[in-house]
Amino acid sequence: MSSVEAPDPVGEVARRHRRAQVAVALVYLGIPVALLAVTVWIGSARTPFAWPAVAFPLALLVLGWFLRGRHRYQTGRWTAVGALFGGISVLYTAIYSFVLDVPALTVALAIGTVFGAFLGAFLGLSAQRAILAPVLPDLATTPYEPVFNLRGMLLTTLTIGTTSVTVRGRTVRARGIPGAGRRTYPLTAITGVYPASLTGSERLKFPIALPAPPISSAGPAMILQAQGEDWVLPLDQGPAITEFLNRRISAAKS
């Protein structure tokens with residue numbers, strides 16, 4: 001049995017899906033609900049209750065509900081949204097406490113804003129790990145769009161969507177050319193995907209602009225061939241990701 005296979009792949013996929021979606025719900029809905037509850041609790045100490053104060057938590061809850069529907073299977077979004085929702089929730093609570101003249105609580109929550117962002121990001125990361133740790137090739141039949149960090153390349157990722165593959169360096173206008181920091185291939189345009197192993201002495205070249213020069217490192221990798229270009233992508237779970245991508249390509253081309 002391969003190290004990336006599960007004794008019951010169908011059951012394992014279902015279990016991972018349930019765990020991941022619980023964490024996603026906590027990020028997109030749980031954080032706004034907690035903010036709403038804290039806002040009501042703080043406001044209940046005052047008479048009359050300042051009902052306009054709940055407008056922002058309710059708006060955040062509606063936004064979370066909307067974004068959850070759009071990001072439900074986009075693993076790369078979860079950590080960023082968690083950090084944003086967590087940080088802004090604690091910050092809003094601090095501001096609301098200041099308006100109600102609760103200085104001790106204001107100071108504590110202002111300091112806790114960073115912790116709130118960290119906690120939200122941790123929830124998003126937990127959702128990612130629930131579905132992707134380790135990579136299960138059978139997930140290729142699901143709508144999930146995993147994002148993998150390229151080893152030794154700062155802020156550079158591989159995103160495997162349901163219809164395309166994207167290699168992205170975190171640059172906005174690299175080399176003065178819009179889109180120079182990313183390259184997207186339709187799954188049907190990929191001509192080959194193979195597992196590989198790097199010794200650490202290779203000099204890797206990329207047709208996208210990178211935020212920093214790549215650092216060569218030994219370990220597993222994946223060769224991606226598409227539209228006349230060959231990529232050697234250092235990926236810690238190279239063999240499993242290769243099989244995952246090959247299954248998704250086969251489904252797209254059938």
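Quick caveat, the model's predicted, so the values are computed rather than measured. The analysis underlying the following values was restricted to heavy atoms, covering all of them including side chains, and did not include hydrogens, waters or symmetry mates.
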Within one Ile-Leu-Val-Met-Phe-Trp-Tyr cluster: Val165 and Val147, side-chain cutoff 4.5 Å: no

Residues Leu136, Glu12; criterion side chain to side chain contact (heavy atoms under 4.5 Å, CB included); working and verdict: CA-CA 9 Å; Leu136 190 65; Glu12 178 64 15; 3.7 Å; yes

Connected via hydrophobic side-chain network under 4.5 Å: Ile241 and Tyr73: yes

Result of checking Arg77, Arg68, His71 against Tyr28 for side-chain hydrogen bond (donor to acceptor under 3.5 Å, both in side chains): His71

Verdict with reasoning, Thr166 to Leu158, per side chain to side chain contact (heavy atoms under 4.5 Å, CB included): CA-CA 6 Å; Thr166 299; Leu158 170 71; over 6 Å; no

Cluster link Phe118 to Val90, ILVMFWY, side chain under 4.5 Å: no

Shortest non-hydrogen separation from Leu235 to Asn149 and the atoms involved: CD2-O, 3.8 Å

Polar side-chain atom of Ser254 near backbone of Ala251 as donor-acceptor pair, under 3.5 Å: yes

Under 3.5 Å donor-acceptor, Asn246 side chain and Val193 backbone: yes

Interatomic distance, Leu60 atom CG to Phe85 atom CZ [nearest 0.5 angstrom]: 4.5 Å

Joint cluster assignment, Leu125 & Leu67, ILVMFWY side-chain distance < 4.5 Å: no

In one Ile/Leu/Val/Met/Phe/Trp/Tyr side-chain cluster, 4.5 Å: Leu150, Leu198: yes

Flag, side chain of Gln21 to backbone of Arg72, donor-acceptor distance under 3.5 Å: yes

Audit row: Tyr194, Gln225, side chain to side chain contact (heavy atoms under 4.5 Å, CB included) steps and yes/no: CA-CA 9 Å; Tyr194 311 99; Gln225 299 175 337; 3.4 Å; yes

